[in-house]
Amino acid sequence: MPPTTAIVWHTTSDGRIDVENPSWQAFTGQHLDEYRGWSWSQAVHPEDREGVLRRWHAAVEAGGVFVLHYRLRRHDGQYREVMSQGAPVFCGGAVREWVGTCVDVTAERRAQAALRASEERLRFLDCIGQATRGLTDATETMAVTARLLGEHLGAMRCAYADVEADNDRFTIRSDWSRAGVPSSAGVYSLDLFGPQATSNLRNGRHLVVNDVDRELGDAGGGRMFNAIGIKAVICAGLVKQGRLVAMMAVHQDVPRRWTPQEISMVGEVVERSWAHIERVRADAKLREQDRHKDEFLATLAHELRNPLAPIKYAIAMLRLSADPGRQAQAHGVIERQTTHMARLIDDLLDVSRISRGLITLQCRSVPLRPLLLEAVETARPALDAARHRLALELPGEDVLLDADPARVVQMVGNLLSNAAKYTPDGGDIRLAGWAAGGRAVVEVADNGVGVPPDQQGRLFQMFTQLHHSAGRAQGGLGIGLSLVKRLAEMHGGAVRMRSDGLDEGSTFTVELPLAQAVARPGVPPQAQVHEAPPPRAAALRVLVVEDNPDGSAMLVSLLEALGHRVARAADGPEALRQAAALRPQLVLLDLGLPGMDGCEVARRLRADAELCGAALVALTGWGAERDRLRTAEAGFDAHLTKPVEPDALRAVVSRCASRAAGEGQGTHFA
């Protein structure tokens with residue numbers, strides 16, 4: 001049978017029950033002798049009883065209709081919320097008896113309370129959302145959220161914490177507390193708060209303690225809670241992808257019995273706060289990246305324009321003056337500035353290739369000493385221009401690296417150039433190398449501008465140029481140190497930096513793996529690093545295919561100055577016609593031709609029985625590994641990246657001449 005939810009009652013004129021009432025008895029479980037007279041009031045909740053009797057007597061005195069709400073004990077011992085309505089029955093102008101009903105409204109009242117609680121919860125969460133929506137700083141977002149939640153719950157203190165990847169160390173960056181209550185901001189270990197805290201939070205369960213001393217004790221974490229004045233706590237942990245990432249804690253300085261609604265509220269706030277804070281951090285990171293991008297583009301434009309000015313001046317001087325000294329000076333300027341531009345572009349390409357995993361190290365056993373000397377030569381112009389004193393502490397020839405020689409020279413050269421930039425003129429720079437514990441150590445130290453401690457962590461980030469050193473930068477894109485770090489890590493090594501602060505100089509240390517075996521016998525270390533310049537090539541028939549008129553003209557002039565017979569073409573069809581007429585031994589072929597591209601021209605030359613023996617060399621601004629594979633598949637023998645260094649061009653021509661003379665025919669020569 002369904003439980004009784006309503007009672008029909010009647011009493012005497014003065015409010016007593018003197019006859020049996022089946023519906024009252026069915027609901028309350030009382031027998032007549034238990035509810036006779038005024039004993040019926042014993043079924044009313046003790047906290048409500050006095051008020052019910054007072055209002056009932058007042059109704060009897062007034063003789064009017066009444067409505068009462070109170071808790072009434074059901075036969076199963078549960079107290080149910082009831083609404084009682086009563087009215088007098090008159091006879092001859094006097095009250096003869098009272099009749100009425102008691103209806104169980106527990107479900108309705110609870111539903112109404114839940115609705116009110118839900119509305120209040122949503123209003124509060126919306127309040128937090130409105131207060132933090134416009135904030136762009138993660139710490140400020142934490143502070144505002146903690147204040148609103150702490151005030152809403154009437155707590156002593158409220159804090160949001162970030163949890164480190166180790167699932168133990170957490171940081172409270174900002175908290176809210178009542179006046180006079182100390183802040184709990186700081187870094188803590190979760191293990192200090194006892195096994196219950198660590199187990200619950202790491203497994204996605206809330207830590208709820210109503211009385212720290214009674215429920216935890218010193219051994220269970222109570223000592224740590226008491227140390228920061230906590231006697232009751234809700235700590236809601238947020239677990240994402242199996243890892244504890246954040247916590248929201250509400251503290252009380254006296255024992256407190258937390259309600260389910262309060263516990264649920266803290267859990268929902270930490271979930272929403274974490275999501276918002278992560279968005280704020282992501283937005284801040286994007287803004288920082290945008291700022292870096294804008295700074296980089298402005299710096300790149302500046303750095304590429306800088307060499308163009310002296311090149312233009314040098315060209316003008318060549319036109320105006322026939323003086324050999326002035327012409328030699330102009331030639332030197334053009335060569336230095338184009339080399340500088342090429343290095344900027346190479347650095348950019350290296351960063352891109354490393355980021356995409358397209359660089360493959362050509363590691364071998366190589367002595368460290370000659371690599372350091374070669375790096376010094378690459379940085380010599382910058383060192384000499386600033387009149388720096390360079391001290392060398394070089395290792396013996398027996399210190400062998402397992403490394404890519406060119407990349408080691410690039411790393412050390414970048415560090416030396418960096419030291420030259422950020423050291424006042426006439427400064428001291430030291431380059432040292434030695435073996436220690438199975439690693440080769442290279443150290444570059446200077447007495448330059450140094451780096452403040454708070455900026456040292458940014459030093460190896462891409463496109464970073466620190467503001468305090470802007471006056472000494474003397475150009476650059478802010479990628480040199482990032483390249484050093486990435487290349488060192490690709491070798492299985494590392495790089496670190498040490499500075500005591502502004503004007504205290506800097507020391508950069510690179511560690512690289514030592515070789516397990518000695519260098520090949522009979523090959524001196526210098527031979528592993530330096531190549532002898534190629535001999536002057538024999539005269540060849542050369543076809544230059546280039547759609548840039550200036551580039552084509554200069555390349556033709558250079559080849560003719562080297563003694564070769566040269567023809568030129570500006571597009572694919574013309575290249576095929578010129579090739580048929582000239583029967584070239586060497587074709588320098590630009591890839592980015594209008595209409596028919598260079599790869600298609602190469603395939604057609606290879607398909608022609610009379611032309612297929614020519615050496616084909618790709619000229620292109622694209623130098624990634626996949627670009628080299630593409631040209632190799634199209635039939636090219638070599639791949640030269642623009643701007644082509646004259647020495648590299650002479651070396652290719654020399655190898656081609658050797659091949660034309662019958663040495664190494666049918667093989668790639670670059």
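FYI, the numbering just counts along the sequence from 1. Side chains are part of it too, since the values below use all heavy atoms of this structure and drop only hydrogens, waters and symmetry mates.
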Rounded to the nearest 0.5 Å, what separation is found between the [atom1] atom of [X] and the [atom2] atom of [Y]?
X	Y	atom1	atom2	value
Lys231	Asn210	NZ	CG	14.0 Å
Ser84	Ile7	OG	CD1	8.5 Å
Arg73	Gln42	CZ	CD	8.0 Å
Glu215	Asp213	CD	CG	10.0 Å
His10	Glu97	NE2	CD	7.0 Å
Arg71	Tyr79	CZ	OH	9.0 Å

Between the main-chain N or O of [Y] and the side-chain N or O of [X], is there a donor-acceptor pair closer than 3.5 Å?
X	Y	answer
His45	Glu47	yes
Ser499	Gly450	no
Thr106	Glu81	yes
Asp162	Thr171	no
Arg256	Asp211	no
Arg49	Val44	yes
Ser23	Val8	yes
Trp98	Ser13	yes
Arg55	Val67	yes
Tyr35	Asn21	yes

Which heavy-atom pair separates [X] from [Y] by the least distance, and what is that distance?
X	Y	result
Met156	Asp253	SD-CB, 3.1 Å
Asn167	Leu244	OD1-N, 2.9 Å
Val270	Leu238	O-CD2, 4.0 Å
Gly15	Trp40	O-NE1, 3.5 Å
Val280	Ala138	CG1-N, 3.6 Å
Gln85	Trp9	O-CZ2, 3.6 Å

**Request:** Kindly indicate, with the supporting measurements, whether the criterion salt bridge (Lys or Arg N to Asp or Glu O under 4.0 Å) is fulfilled by Glu278 and Lys285.
**Result:** CA-CA 10 Å; Glu278 289 301 299; Lys285 187 175 181 180; over 6 Å; no
**Request:** Evaluate whether atom CD of Glu108 has more than 12 neighbouring non-hydrogen atoms of other residues, nucleotides or ligands under 6.0 angstrom away.
**Result:**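 Yes, enclosed.
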**Prompt:** Is the count of non-hydrogen atoms from other residues, nucleotides or ligands lying under 6.0 Å from Arg202 atom CZ greater than 12?
**Reply:** yes
Test item: side-chain donor near acceptor, [X] and [Y], under 3.5 Å:
X	Y	value
Asp18	Thr12	no
Ser199	Arg205	yes
Ser184	Asp175	yes
Asp218	Asn226	no

Please examine the side chains of [Y] and [X], heavy atoms only from C-beta on, and report whether any two atoms are closer than 4.5 Å.
X	Y	value
Phe193	Leu207	no
Val250	Val233	no
Leu72	Arg80	no
Gln25	Glu20	yes

**Prompt:** Passes side chain to side chain donor-acceptor pair (under 3.5 Å), Asp191 versus Thr198? Steps please.
**Reply:** CA-CA 6 Å; Asp191 287 332; Thr198 56; 4.7 Å; no
**Asked** Does the gap between the ring centers of Trp56 and Phe66 come in under 6.0 Å?
**Response** yes
**Message:** Working note: Asp104 + Met83, criterion side-chain contact (heavy atoms from CB on, under 4.5 Å); need CA distance, chi angles, decisive distance, verdict.
**Reply:** CA-CA 7 Å; Asp104 185 343; Met83 180 178 69; over 6 Å; no
**Item:** side chain to side chain donor-acceptor pair (under 3.5 Å) partner of Arg121, chosen from His152, Gln261, Glu268
**Value:** Glu268
**Prompt:** Is there a salt bridge (Lys or Arg N to Asp or Glu O under 4.0 Å) between Arg496 and Glu443 once you walk through the steps?
**Reply:** CA-CA 10 Å; Arg496 60 182 182 274; Glu443 189 172 270; over 6 Å; no
